[in-house]
Undergrad: 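Let me begin by handing over the structure; questions about it come next.
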Amino acid sequence: MSKKVRVRFAPSPTGGLHLGGVRTVLFNYLFAKNLGGDFIVRIEDTDQTRFVPGAEEYIFNCLQWCGLEPDESPLHGGPYAPYRQSERKPLYRQYAEQLIKDGYAYYAFDTAEELDAKRKEVANFQYSQHTRSGMRNSLTLSEAETQQLLADGVQHVIRIKMPADVEVKFADMIRGEVSFNSSLVDDKVLLKADAMPTYHLAVVVDDYLMKISHAFRGEEWLPSAPVHVLLWQYLFGIDNMPQWAHLPLILKPDGNGKLSKRDGDRLGFPVFAMDWKDPKNEEMTTGFKERGFLPEAFVNMLAMLGWNAGTEQEIFSMDELIAKFSMDRVHKGGAKFDYEKAKWYNGEWIKKLDVSSFRFQVSGLLAEKGIVVADDEKLIKVLNLVKDRCTLLPDFVQQAAFFFKQPETVDIAAIQPKWDEKKQLFFAEAIRMFEQSALWQAADLEASFKELAAANQLKPGELMLPLRIMLVGGKFGPGVFEIAELIGKAETVSRIKAVLTELG
RNA sequence: GGAGCGUUGGUCAAGGGGUUAAGACACCUCCCUUUCACGGAGGAAUCACGGGUUCGAUUCCCGUACGCUCUACCA
């Protein structure tokens with residue numbers, strides 16, 4: 001009973017990696033690492049018509065960015081290779097044949113066209129125990145006919161033969177006992193005409209062969225669970241079946257329903273982990289990474305969508321998540337995705353993390369705007385000064401740019417209404433004072449600035465905003481004198497002068 | 001249509017037979033700040049509805065409603 005914990009994420013490489021997909025990975029990973037187990041990635045590429053070049057590599061890039069490194073995968077190798085189902089193709093047929101031999105499956109010769117026609121003719125047609133006797137399969141054909149068709153190489157599939165009226169039940173780790181009546185489940189295709197297995201066969205065979213101990217997947221899989229349970233029973237014994245958990249869905253923020261890429265486009269937030277460019281139409285979809293999320297925040301946010309520690313703690317590092325995670329604290333109901341909350345997590349992580357861990361990304365963002373940052377020390381000072389004001393990495397552009405470059409536009413309109421001769425003279429004097437200043441520390445600057453204001457019978461409050469706008473360009477940013485300190489004497493004086501000539 | 005799963009404030013959610021039903025995000029008010037944030041204080045729920053069980057139900061049971069997922073030789 002002390003079986004080694006082994007979990008797997010089994011994506012099909014058909015496009016961008018969705019939020020929900022990453023969360024499924026995350027829960028798998030956290031569960032496994034909490035118990036000292038292995039995390040395996042198996043590529044489910046049995047549908048050759050949906051193959052998308054680059055999708056597999058993209059998935060691994062996303063996992064790496066999130067810090068969810070597999071122990072075994074087509075990329076990382078492992079003792080149960082190959083980890084790509086297309087490369088395991090020859091393996092599956094024998095299990096399907098075995099099922100036929102044991103009376104649990106049968107050959108079906110109906111063509112796709114015939115099935116289509118049938119579906120048009122009969123509403124809600126299902127290939128099942130109630131209809132299979134009217135179809136062309138090894139149950140309705142004689143043994144000789146079947147053998148002849150097979151010998152002739154006629155296209156066929158293998159379908160599971162669902163038993164009549166059996167209660168198929170299993171214990172779901174987050175839902176408790178779940179049960180289905182077998183007579184309501186259709187005869188799913190197990191092996192396709194191209195000899196590739198369908199998901200149903202492949203998942204059972206590979207989970208067995210790869211010694212998977214726990215199988216977690218989205219709730220959308222629940223209705224097909226009875227097929228998988230039966231297959232386990234028929235093929236490998238129910239006692240060897242992994243423990244299942246069907247994760248709640250991530251729903252769209254408005255209305256109901258599964259969150260889709262479309263919703264992100266419509267509502268203006270990312271749904272994929274990283275930028276994804278569809279090779280078919282060159283269409284680019286932005287990811288959380290490129291939108292300016294830190295992986296720590298992305299993972300943290302995802303973990304809290306459907307799970308909580310039962311305490312008031314909301315900010316978790318990966319190590320904390322691993323230590324605290326358990327499946328029985330996963331919520332049953334779906335959760336609507338809230339982009340505002342996602343951004344809040346990112347802001348928290350920006351504040352929490354040492355700025356040097358994301359300074360290169362910020363300097364890259366600045367470089368895109370033509371601002372080259374040569375002084376790394378200054379960059380770190382600036383980032384520390386403004387990080388409380390940033391929720392997404394690109395916010396740093398607005399908050400930090402003026403430290404390195406004179407503002408391109410200055411909001412003169414905000415000063416003008418209350419501007420007068422007295423203030424003009426005051427700032428002219430302030431320039432001289434700053435130029436002569438021996439000390440260049442924020443506190444000293446503030447003190448002398450206020451002294452000068454008092455000497456001129458001016459309230460500092462009327463002067464601070466103009467000064468800010470002269471230095472920053474607008475009504476934002478950290479303390480004015482901290483800014484002056486960091487940009488230095490020459491730059492401070494030159495910015496004041498520039499605006500002063502415009503005003504005067 | 002059928003099956004399965006779900007339902008605590010706008011959102012994420014804790015709790016679970018007797019509570020003033022936590023906390024967070026968002027929103028509003030106030031404080032702090034002579035900018036904007038950060039931070040601090042305050043503000044909202046007869047726990048979908050109807051029946052039971054019980055001295056007592058948001059919590060347990062059964063219905064109903066609503067929502068979602070699935071119902072492909074896709075995963």
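Within every chain, numbering begins at 1; the chains are lettered A, B, ... in the order of the sequence lines, protein sequences first and strands thereafter.
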Undergrad: Between H200(A) (NE2) and C73(B) (P), how many Å, whole number?
TA: 9 Å
Undergrad: For atom C1', what is the distance between A57(B) and U53(B), given to the nearest Å?
TA: 10 Å
Undergrad: At under 4.0 Å, does any side-chain N or O of R42(A) touch on OP1 or OP2 of A75(B)?
TA: no
Undergrad: Please collect all salt bridge (Lys or Arg N to Asp or Glu O under 4.0 Å) contacts where either partner lies in residues 396-406 of chain A, sequence neighbours excluded, each pair once.
TA: K405(A)-E408(A)
Undergrad: The criterion is ring-ring contact (aromatic ring centres under 6.0 Å, His included); which residues satisfy it with F337(A), sequence neighbours excluded?
TA: F269(A)
Undergrad: Using modelled atom types only, decide if a donor and an acceptor are shared between the side chain of T131(A) and the backbone of Q126(A) within a distance under 3.5 Å.
TA: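 Checking the backbone N and O of Q126(A) against the side chain of T131(A), a donor-acceptor pair under 3.5 Å is found.
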Undergrad: Is the backbone of S183(A) close enough, under 3.5 Å, to the side chain of H130(A) for a donor and an acceptor to pair up by distance?
TA: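 Side chain of H130(A) to backbone of S183(A), a donor-acceptor pair under 3.5 Å: yes, one is there.
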Undergrad: Restricting to pairs with a member in residues 186-202 of chain A, which pass salt bridge (Lys or Arg N to Asp or Glu O under 4.0 Å), not counting sequence neighbours?
TA: R132(A)-D187(A), D186(A)-K188(A)
Undergrad: Taking ring-ring contact (aromatic ring centres under 6.0 Å, His included) as the definition, give me every residue that meets it alongside Y95(A), ordered by chain and number, with sequence neighbours left out.
TA: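 Listed in chain order: F236(A).
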Undergrad: Would you tabulate the side-chain donor-acceptor contacts of residues 218-225 of chain A under 3.5 Å, counting partners in other chains and residues two or more places apart, or write 'none'?
TA:
residue	atom	partner	partner atom	Å
S224(A)	OG	W221(A)	O	3.1
S224(A)	OG	H228(A)	NE2	3.4

Undergrad: Pick the P atom in G9(B) and in A72(B), then give their distance to the nearest Å.
TA: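 Straight-line distance between the two P atoms is 35 Å.
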Undergrad: Regarding I469(A), tell me which of base, sugar-phosphate or nothing describes its non-hydrogen contacts under 4.0 Å with the strands shown.
TA: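 The answer is nothing, as I469(A) stays clear of every strand by at least 4.0 Å.
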Undergrad: Once you round it to whole Å, what is the distance between C1' of C70(B) and OH of Y199(A)?
TA: 13 Å
Undergrad: Considering only the P atoms, how many Å lie between U8(B) and U58(B), rounded to the nearest integer?
TA: 15 Å
Undergrad: Only counting residues at least two apart or in another chain, list the ones meeting ring-ring contact (aromatic ring centres under 6.0 Å, His included) with F396(A).
TA: F358(A)
Undergrad: Could you write nucleotides 32-44 of chain B as a row of B, S and -, 5' to 3', where a protein heavy atom under 4.0 Å of any base atom gives B, of only sugar-phosphate atoms gives S, and otherwise -?
TA: --BBBBSS-----
Undergrad: According to a strict under-4.0 Å criterion, is K343(A) in side-chain N/O contact with OP1 or OP2 of A26(B)?
TA: no
Undergrad: Using atom CG of L201(A) as one end and atom C1' of C73(B) as the other, report the distance to the nearest whole Å.
TA: 12 Å
Undergrad: I'd like to know if the side chain of N346(A) reaches the main chain of G292(A), judged simply by a donor and an acceptor atom lying under 3.5 Å from each other, with no hydrogens or angles considered.
TA: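 Yes.
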Undergrad: How would you label the contact of K387(A) with the nucleic acid (heavy atoms, under 4.0 Å): base, sugar-phosphate, or nothing?
TA: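 Here K387(A) touches no strand at all.
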Undergrad: Under 4.0 Å between any heavy atoms, over every strand shown, what does S183(A) touch: base, sugar-phosphate, or nothing? Just pick one.
TA: nothing
Undergrad: Verify the contact: side-chain N or O of K252(A) to OP1 or OP2 of C68(B), cut-off strictly under 4.0 Å; return yes or no.
TA: no
Undergrad: Could you give the CZ-to-P distance, from F109(A) to C73(B), as a whole number of Å?
TA: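 In whole Å, C73(B) P lies 16 Å from F109(A) CZ.
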Undergrad: Counting Watson-Crick and G-U wobble pairs whose two distances are both under 3.5 Å, find the runs of 3 or more in a row that involve RNA chain B.
TA: B:1-7 with B:65-71, B:10-12 with B:23-25, B:27-31 with B:39-43, B:48-52 with B:60-64
Undergrad: How would you label the contact of V189(A) with the nucleic acid (heavy atoms, under 4.0 Å): base, sugar-phosphate, or nothing?
TA: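 Touches sugar-phosphate only.
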Undergrad: Taking only the P atom of each, what is the distance from A14(B) to A48(B) in whole angstrom?
TA: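 Going atom to atom, P in each nucleotide, I get 14 Å.
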Undergrad: Just to be sure I understand the rule, does T46(A) reach a base, reach only the sugar-phosphate, or reach nothing, if contact means heavy atoms closer than 4.0 Å?
TA: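 T46(A): backbone/sugar contact only, no base atoms under 4.0 Å.
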Undergrad: Under 4.0 angstrom, heavy atoms only, what part of the nucleic acid is D110(A) near: base, sugar-phosphate, or nothing?
TA: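 If one applies the 4.0 Å heavy-atom cut-off, D110(A) turns out to touch a base.
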Undergrad: Starting at atom CG of L267(A), determine the distance to atom C1' of A26(B), rounded to an integer number of angstrom.
TA: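 Answer to the nearest Å: 15 Å.
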Undergrad: In B/S/- notation, 5' to 3', how is nucleotides 1-12 of chain B contacted by protein heavy atoms closer than 4.0 Å?
TA: B-SSSS----SS
Undergrad: How close or far is atom P of A24(B) from atom CG of N308(A), stated in whole angstroms?
TA: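 In whole Å, A24(B) P and N308(A) CG are 14 Å from each other.
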Undergrad: Do any pairs count as a salt bridge (Lys or Arg N to Asp or Glu O under 4.0 Å) and have a residue in residues 87-99 of chain A, sequence neighbours left out, and if so which ones?
TA: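 Residue pairs passing salt bridge (Lys or Arg N to Asp or Glu O under 4.0 Å), neighbours aside: R84(A)-E87(A), R88(A)-D206(A), R93(A)-E97(A).
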Undergrad: Give a yes/no on whether any side-chain N or O of R159(A) is located under 4.0 angstrom from OP1 or OP2 of C73(B).
TA: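 Answer is yes, contact under 4.0 Å.
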Undergrad: Expressed in angstrom and rounded to an integer, what is the separation of L247(A) atom CG from U69(B) atom C1'?
TA: 14 Å
Undergrad: Please state how far atom CZ in R217(A) lies from atom C1' in C70(B), giving the value in whole angstrom units.
TA: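 Spelled out: CZ on R217(A) to C1' on C70(B) is 12 Å.
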Undergrad: Which pairs with one or both residues in residues 242-253 of chain A pass salt bridge (Lys or Arg N to Asp or Glu O under 4.0 Å), sequence neighbours excluded?
TA: K252(A)-D263(A)
Undergrad: Determine, using ring centers only, whether F449(A) and F426(A) are less than 6.0 Å apart.
TA: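 Between F449(A) and F426(A), which both carry aromatic rings, the centre distance is below 6.0 Å.
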Undergrad: Only counting residues at least two apart or in another chain, list the ones meeting ring-ring contact (aromatic ring centres under 6.0 Å, His included) with F109(A).
TA: H156(A)
